[in-house]
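Everything below concerns the one structure shown next.
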Amino acid sequence: QVALVESGGGSVQAGGSLRLSCIATDYDYVNVCMGWVRQAPGNDREGVAVISNRGSTHYADSVKGRFAISRDSANNTLYLQMDSLKPEDSGVYYCVAERALWSLCRRNLETIGFTYWGQGAQVTVSS
């Protein structure tokens, strides 16, 4: 079982930055990939970024060059640094995890095929 708790959401003007954090408990890191999925009102869920237990990363095209995913294995914490934010980045951001090899984890970014989900953190970017 994996428990995920996000923090760090908030409101910011376009061009600003926010950092999301996610503390993961009750699991081991073997073959566990983690990531972020977001959902804006009226829209489908969208994969944002994933990271393997060894630090490999993969991003949605919409956030490449602006967002950075990282993890602190010693503290079981996942991060998403979001810079140059745009109004279309607004939504609820979910921390997600899946016990999967990296090749499947990358595909999960498109299929949103994650087993474990946090409660979500609201991000609002105003123009």
Side-chain angles (χ1 to χ4, degrees):
Q1 187 67 24
V2 178
L4 305 170
V5 179
E6 301 99 335
S7 61
S11 298
V12 66
Q13 289 190 326
S17 299
L18 285 173
R19 189 174 83 154
L20 300 178
S21 300
C22 171
I23 295 178
T25 60
D26 300 330
Y27 80 104
D28 63 74
Y29 262 83
V30 176
N31 287 338
V32 174
C33 74
M34 299 185 71
W36 296 92
V37 171
R38 67 186 181 187
Q39 186 169 26
N43 289 359
D44 293 333
R45 289 175 173 175
E46 176 190 18
V48 175
V50 288
I51 185 168
S52 74
N53 59 327
R54 296 187 177 187
S56 298
T57 59
H58 180 57
Y59 296 90
D61 289 341
S62 59
V63 305
K64 279 181 182 176
R66 301 187 299 120
F67 289 13
I69 188 171
S70 61
R71 64 195 291 176
D72 179 351
S73 298
N75 293 302
N76 287 2
T77 304
L78 178 73
Y79 301 100
L80 184 68
Q81 177 65 40
M82 303 183 290
D83 298 323
S84 302
L85 282 161
K86 305 175 181 179
E88 52 264 42
D89 293 319
S90 298
V92 178
Y93 282 68
Y94 298 93
C95 176
V96 293
E98 180 70 22
R99 286 193 173 86
L101 296 177
W102 181 232
S103 56
L104 178 60
C105 184
R106 287 172 58 104
R107 189 159 70 241
N108 282 350
L109 191 65
E110 279 75 38
T111 63
I112 319 297
F114 299 98
T115 299
Y116 305 103
W117 293 71
Q119 83 284 359
Q122 179 69 47
V123 170
T124 303
V125 184
S126 58
S127 57

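None of the values given here were measured: they were computed from a predicted structure.
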query: Rounded to the nearest 0.5 Å, what separation is found between the CD1 atom of Ile69 and the OG atom of Ser56?
result: 11.5 Å

message: Please find the pair of heavy atoms, one from Glu6 and one from Gly120, that lie closest to each other, and give the distance.
response: OE1-N, 2.9 Å

- prompt: If two hydrophobic side chains count as joined below 4.5 Å and joins carry through other members, does Val2 share a cluster with Val32?
  reply: yes

- request: State the CE-CG distance between Met34 and Leu80, to the nearest 0.5 angstrom.
  value: 12.0 Å

Close side-chain approach of Thr25 to Asn76, heavy-atom, < 4.5 Å: no

message: Looking at Asn43, I'd like to know if its CG atom is crowded, meaning that more than 12 non-hydrogen atoms belonging to other residues, nucleotides or ligands lie closer than 6.0 Å.
response: yes

- line: Residues Gln122 and Gly91: closest non-hydrogen pair is NE2-O, 3.4 Å

- line: Tightest non-hydrogen contact, residues Ala100 and Leu104, listed as CB-CD2, 3.7 Å

- prompt: Just by modelled atom types, is the Val5 backbone N or O under 3.5 Å from a matching donor or acceptor in the Gln119 side chain?
  reply: no

field: Reported CG-to-OG1 distance for the pair Leu18 and Thr124, which is rounded to 0.5 angstrom
entry: 9.0 Å

message: Tell me the closest heavy-atom pair linking Ser90 and Ala40, and the distance in Å.
response: O-CB, 3.6 Å

task: First locate atom OG1 of Thr115, then atom CD of Glu98, and finally report the distance between them rounded to the nearest 0.5 Å.
output: 3.5 Å

Hydrophobic cluster identity match, Tyr79 and Leu20, side-chain contacts under 4.5 Å: no

field: Contacts of Glu46 that satisfy salt bridge (charged side-chain N to carboxylate O under 4.0 Å, His left out) - sequence neighbours left out
entry: Arg38

field: For Asp83 against Ser17, the heavy-atom pair lying closest together
entry: OD1-OG, 2.7 Å

- line: Hits for salt bridge (charged side-chain N to carboxylate O under 4.0 Å, His left out) against Arg66, two or more places apart or cross-chain, chain-then-number order -> Asp89

Side-chain touch Tyr116/Arg99, heavy atoms, less than 4.5 angstrom: yes

task: Among Ile, Leu, Val, Met, Phe, Trp and Tyr joined by side-chain contacts under 4.5 Å, find the other residues sharing a cluster with Tyr94 and list them by chain and number.
output: Val37, Val50, Val92, Val96, Trp102, Leu109, Ile112, Phe114, Trp117

- prompt: What disulfide (SG to SG under 2.5 Å) pairs are there with at least one residue in residues 43-118, not counting sequence neighbours?
  reply: Cys22-Cys95, Cys33-Cys105

- line: Separation between OG (Ser127) and CD (Gln13), nearest 0.5 Å, reads 9.0 Å

message: Minimum heavy-atom separation for Ala97 and Leu4, please, with both atom names.
response: N-CD1, 3.9 Å

message: Please list all pairs meeting ring-ring contact (aromatic ring centres under 6.0 Å, His included) that have one or both residues in residues 32-64, counting only residues at least two apart or in different chains.
response: none

- prompt: Who passes salt bridge (charged side-chain N to carboxylate O under 4.0 Å, His left out) against Asp61, sequence neighbours left out?
  reply: Lys64

- prompt: Between atom OG of Ser73 and atom CZ of Arg71, what is the distance when rounded to the nearest 0.5 Å?
  reply: 5.0 Å

- prompt: Shared ILVMFWY cluster between Val48 and Val12, side chains joined below 4.5 angstrom?
  reply: yes

